[in-house]
Amino acid sequence: MIGQWRRRRTGLPLDRDAGARYVPWLIGVMVLLATLALATALVLGAAAEAWRGGLVGSATIQMPPGADQAATLPRLLQLARAHPGVVTADLVPAERAAALLAPWLGEAAALLALPTLVDLKITPGRFDAAALQAALRA
């Protein structure tokens, strides 16, 4: 009777099953996988936040390909640069716009009539896209 009290008791009857010796190893592997999943989620979250932060300070104006660009483009750039919240307004060269589409369209990107793009660097708190759109339409 005294021997029964000295024996270590656990809540699980693992000592009766031969396969139970692998349970600590399985728990260890599961803890490792959970730690790796958490670390991956944290790294991906930080990368997504950095990517979003890079997009916050920019906007793009697209001018349709059929428009009279020689007369319209200087006025568009002047209006964009004078708009509150716009830091810079630069014309994107057609070759660069075609190069951006090349991974998806291949050589056909150079053959397409692409819109003229104007890249804007903006101050996020001061920029009003609707007001700029209304000014450009007028």
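Note that these values count all heavy atoms, side chains included, but never hydrogens, waters or copies made by symmetry. Each residue takes its place number in the sequence, starting with 1.
Within 6.0 Å of atom CZ in Arg81, more than 12 heavy atoms from other residues, nucleotides or ligands are found, so the atom counts as buried in its surroundings.
Contact detail for Ala97 and Leu117: the closest heavy-atom pair is CB-CD1, 4.1 Å. Residues Asp119 and Ala59 come closest through the heavy atom pair OD1-O, 3.5 Å. Taking every heavy atom of both residues into account, Ala89 and Val118 meet most closely at CB-CG1, 4.2 Å.
Residues satisfying the side chain to side chain contact (heavy atoms under 4.5 Å, CB included) test with Ile27, not counting sequence neighbours, are Val23, Val31.
Both Leu120 and Leu91 are assigned to one and the same hydrophobic cluster, defined by single-linkage of ILVMFWY side chains at heavy-atom distances under 4.5 Å. In terms of hydrophobic clustering, with Ile, Leu, Val, Met, Phe, Trp and Tyr side chains grouped at heavy-atom distances under 4.5 Å, Leu79 and Ile122 are assigned to a common cluster. Note: the hydrophobic cluster containing Leu73 also contains Leu136 (ILVMFWY, side chain heavy atoms under 4.5 Å, direct or indirect links).
The distance from the CD1 atom of Ile61 to the CG atom of Leu77 is 8.0 Å, given to the nearest 0.5 Å. To the nearest 0.5 Å, atom CG of residue Leu114 and atom CD of residue Gln62 are 10.0 Å apart.
Between Met63 and Thr72 the shortest side-chain heavy-atom distance falls below 4.5 Å. The side-chain heavy atoms of Val87 and Arg126, taken from C-beta on, include no pair separated by under 4.5 Å.
Put simply, the side chain of His83 gets close to the backbone of Asp128: a donor and an acceptor are under 3.5 Å apart.
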